[in-house]
2 protein chains.
Amino acid sequence: MQKLTLLFIFCFSGYLLQAQNQDEATIKKIFDQELTNGKSYQMLEYLATKIGARLSGSPGAAAAVDWTRHTMLDFADSVWLQPVKVPHWVRGAQEIGKVTNSRKRGTIDMSICALGGSVGTGAAGVTANVVEVKNFDELKQLGQRNIQGKIVFFNRPMDATKINTFTAYSGAVDQRASGPSEAAKYGAVGAIIRSMGSTLEDYPHTGGLRYAPNIPQIPAVAISTKDAELLSRLLKEERDLQFYFETHCQTFPDAPSFNVIGEIKGSLHPEEIIVVSGHLDSWDLSQGAHDDGAGCVQAMEVIRLFKAIGYKPLRTIRAVMYMNEENGLRGGIEYAKQSELKKEKHLAAMESDRGGFTPRGFTMSAPENVVAKVKAWKPLLEPFGLTDFDQQGGGADIGPLANQNVPLFGFLPDSQRYFNYHHTKEDTFDKVNQRELEFGAAAMAALTYLIDQHGL
Amino acid sequence: MQKLTLLFIFCFSGYLLQAQNQDEATIKKIFDQELTNGKSYQMLEYLATKIGARLSGSPGAAAAVDWTRHTMLDFADSVWLQPVKVPHWVRGAQEIGKVTNSRKRGTIDMSICALGGSVGTGAAGVTANVVEVKNFDELKQLGQRNIQGKIVFFNRPMDATKINTFTAYSGAVDQRASGPSEAAKYGAVGAIIRSMGSTLEDYPHTGGLRYAPNIPQIPAVAISTKDAELLSRLLKEERDLQFYFETHCQTFPDAPSFNVIGEIKGSLHPEEIIVVSGHLDSWDLSQGAHDDGAGCVQAMEVIRLFKAIGYKPLRTIRAVMYMNEENGLRGGIEYAKQSELKKEKHLAAMESDRGGFTPRGFTMSAPENVVAKVKAWKPLLEPFGLTDFDQQGGGADIGPLANQNVPLFGFLPDSQRYFNYHHTKEDTFDKVNQRELEFGAAAMAALTYLIDQHGL
C-alpha cells in the first residue's frame, strides 16, 4: 500500500512536472512568436492611421467595424457582428475659448475642447465671470449666490504622488463626469474642467460627462492643464475676468452599430468561453492608438497567435471588440445581455484598456480561490516581467458580465505615460512602441492559454 | 535576566519598527517631492534641447561641462571639475551610402552613418562588392579568398526573443565593436554593420568600434535595420551588387575635458562616499536625452532632492557626471585612478545609463552579504514598482571602481524602448516621459538614502 502511494506520488509529481514544462514551453513559444513575427503592431498601424478616430456613430467607427471583421476572418473560425444602438454625439466645428477682458493682457486664447455628450453653445457662445473650485464641497459652500450666471472652473489636479496614474484619475474624474450638472444645480451657465492629464500639457483631454436628470444641461469644456494653471493665476489677480467659449456639438438620435466578435471553437469544452477584449470606439480627437486600438489588436492577436503556433484551445476563445466604451458602454451591456439570454457559460473575461505599454501584470475581480489559482501561475509569468497580480479590478466593458459571476481580468501595463495621451490629439500610433505592444499581446495570450489549459 | 532579555527584545523591536517607519516616511517624501516639484525634467530639457549633442571633445561637451557645474552650484555643497584627456573624433560631412548597380532597381540610397572612431573614406568613397555574414565564424570560413577587396556586411539582428533588450544588444554588438577589424584581417576594404536596433527602423545607430592593433583600419558604417533587410534581400537576388559609401570622419589628437563632480558632505561619516552618476557625453547624432542626459539629471537630482526635503546625509553623497563613456571611458578610468591615489573610501557607486524609463529595480555587483542586505530593503521599494533586484551588473563608468572592491549598483529601468533611440537621431527630449524620468530620480534617491542610513 505504502509502495503504491509512493508510486502514485512519483507518477503524479512527474505528471505535474511535465505539465509545468509544457506550460513553460508553450508560453515561451507565444512570446517568441509575437516578438519575432507578431502582427499586432501592423494591425494597429492600420486601425490608428488609416481609419483613425472612431467615435460611436461616426463613419470611422463603421469603417473600424468593417476592417475588424475582415481582419479576423483571416485567423478566427468564425466572425460575426452583434448589433447595438449607440449614442451619436458630434463635436462640430473647432471650439474657441478665451479670456476676453484681462486688464493686463487683453484677450488670451485658451486651449479647450467640448466634453463628450455636452450640449453646444452655438455661434453665440457663452460669456461669463469665472468661479474656480477644487471640489463639490467648495461649490456647495459658494452656493447659488456666488455661482448663478457664472462659469464654474473645476481645477483639482490629478494627484501626482499616486504611483498608479489610474488612481490619480479616479480621484479627479468626478469633476468631468458630474461637474457640469453639479454646477448647474446652483445656476452656472457653463463649466470648464481641468483636463485629466498627469503633467502640464498644452492640449485638452476630452471625455464623457453625465448630465443628471432634471437639471439644466449646461455646455462644458475641458481646458489644457497648462491653461488651467494660467487661468487660475489670472483669476487670483483679476477676479472679474470674463471667459468666452464657443462649441458646436450636437447629439443626434442613437445610431446602429456593432460589437465585432471572432472566435476559435474549443476542442474539448466548446461550451466554455474565454473572452479577450478591447473597445473599438475611440474619442474623436485622436487616432485612439493606446485607447483602445492597442487593446483591440492585442485581443485579436491572442487568437491569431494560437493559430500561428498551432495551439488548439480546449475551450472556446472569443475576441470581442466592443463598441461604445467611451460614451455609453452600450456594447459591453449588450454583450452581457445577449450572453445571459443565450445562457452562455463564460469561464473568464479579460480586457485590455489601459494602453499598449510594457506589461506589469493583471488585475482580477474574482472569487478568492480563483485569485489564488492564478497567483500560483506567477512563476510561469514572472520571467516576462509580469509580477503584479495584487490589484482588484476587471474592466468597463466586461464589467456587466460580473452579474453572471464571470471572473474578470484586466491587463495591467505600466501606467506612467497613459494620461499624457488619453482622450487627446496626442493618442497617435507613433506613441506606441512595437515591443511594448507585442509584450502585452503575448502576456494576454499566455494568461488565456493557462486559463484554457487548467480552468479556473 | 529573562526579563531583561525580553525588555531588550521589546525595546530593540521598537527601535527597528521606528527605523522602518522613518525609512518609509523619508522614501515617501522623496517620491512625493520629485513627482510634484521635481527638477529633473526641466534640467534635461536644457541639457538635451539647448546644449544637445555632446560628443567628447566637441563644443557641446564643453558647454555641458560648464552648464552642469553651474547647475550643481545651486544645490551641492561643493562642485569641481576633474580634468581628463579624451579622444576627439569628428564625423564631418553627411555620409552617403548606396547600392549603385542593381539591375532591377538601379541606384538605391541606403540610410547609413559612420561608426564612432572609424577612419573616413574621404571624397573618393569606397566601392566594392558585398559579402553578407552573420558572425565571425562565417567570416573565417569564407576566408581571404572570398573577402579580399570586398565590403563585409554584418547582418545578425538583435535577438527579439530576449526579454531584456540589453541581453539582445550584448549578443549582437561584437559585430559593431570588432567586426571592422575582423573583416580587415581577411582583406576587406570596408564594413557595413546592421544597426543595433530592436525593431525595423529607417535610421542608423552609430556607436564605437575598436580597431585591433596591427590590422589595417578600414572604414565602417552602420546601416538602418530596414535597409539591412533590404540589402540582404537584394544580395540574394543579385550577388554582384556594388555598394558605395562615403564618410568624412577624422580623429584629432586627444582633447582636454572634465568629469563634473558635486557633493553634499556627510554629517557623521564624511569620509565614506556614495557615488550617484551618469555620463555627460553623448553621440553626435542625437540630443543624448535618454543616453545619458537622463542619467545625469537623475544623479544631480538625488542631491538636489536631499536638499529640497531637508535630509542631511550621514555619508558624503557625490554626483559624478563622467566624460567620455561613449568612446573611451576615460572619465570613469580617471575617476577611479584619482580615487585610489587619494585613498578615498567609496561605500557604494550607482550609475544610471539605461535610459529615463519607468524603474524596475537595480542591478548589483557586490559581495553576497551586501546583496542580501539590499534585498532586505525590498519591502520599502516594491510599493514604487521596484521589484527586480536579481540581475548582476553595475555600469561602464563605475566599473573601474571594482578594483577597489566598491559595491556597484545599476539603475534598472524598463528596457523595451531603449534600443529604438540609442545612438540615433531619435534620442531626443520628446522621447522622455516626465513621470518616468522623475520616478527614476526618486528611485535612485531612495536607494541612496537607504545606503546612507544603514551602510552596506
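Model, not experiment: these values are computed from the prediction. Chain naming here is simple, since letters A, B, ... match the order of the sequence lines and numbering starts at 1 in each.
In this structure, chain A has a heavy atom under 4.5 Å from the side chain of B/Asn420, while its backbone stays farther away. No part of A/Pro157 comes within reach of chain B, as not one of its non-hydrogen atoms sits under 4.5 angstrom from that chain. Heavy-atom distances place the side chain of A/Asn433, and not its backbone, under 4.5 Å from chain B. Heavy-atom distances place the side chain of A/Phe439, and not its backbone, under 4.5 Å from chain B.
Between A/Ala442 and A/Ile30 the shortest heavy-atom distance is O-CG2, 3.7 Å.
Evaluation of the salt bridge (Lys or Arg N to Asp or Glu O under 4.0 Å) test over residues 154-164 of chain B, restricted to residues two or more places apart or in two chains, returns B/Arg156-B/Asp174.
In this structure, CZ on A/Phe409 lies 9.5 Å from OG1 on A/Thr448, to the nearest 0.5 angstrom. Taken from CE in B/Met196 to OG in B/Ser170, the straight-line distance is 11.0 Å, to the nearest 0.5 Å.
Highest contact tally toward chain B, considering only A/Asp414, A/Thr36, A/Thr165, A/Asn164, is held by A/Asp414 [criterion: heavy-atom pairs under 4.5 Å]. Chosen from B/Gln434, B/Arg360, B/Glu436, the residue pairing most often with chain A at heavy-atom distances under 4.5 Å is B/Arg360.
A centroid separation of less than 6.0 Å is found between the aromatic rings of A/Tyr169 and A/His422.
With A/Thr424 contributing its side chain and A/Glu426 its backbone, the two residues share a donor-acceptor pair below 3.5 Å.
Applying the 6.0 Å contact sphere to NZ of A/Lys50 captures no more than 12 heavy atoms from other residues, nucleotides or ligands.
Looking only at atom types and distance, the side chain of B/His423 has a donor-acceptor partner in the side chain of B/Asp291 under 3.5 Å away.
For the pair B/Arg354 and B/Phe166, the cation-pi test (distance below 6.0 Å, angle within 45°) is passed.
Of residues 298-311 of chain B, not one residue has a non-hydrogen atom less than 4.5 Å from any non-hydrogen atom of chain A.
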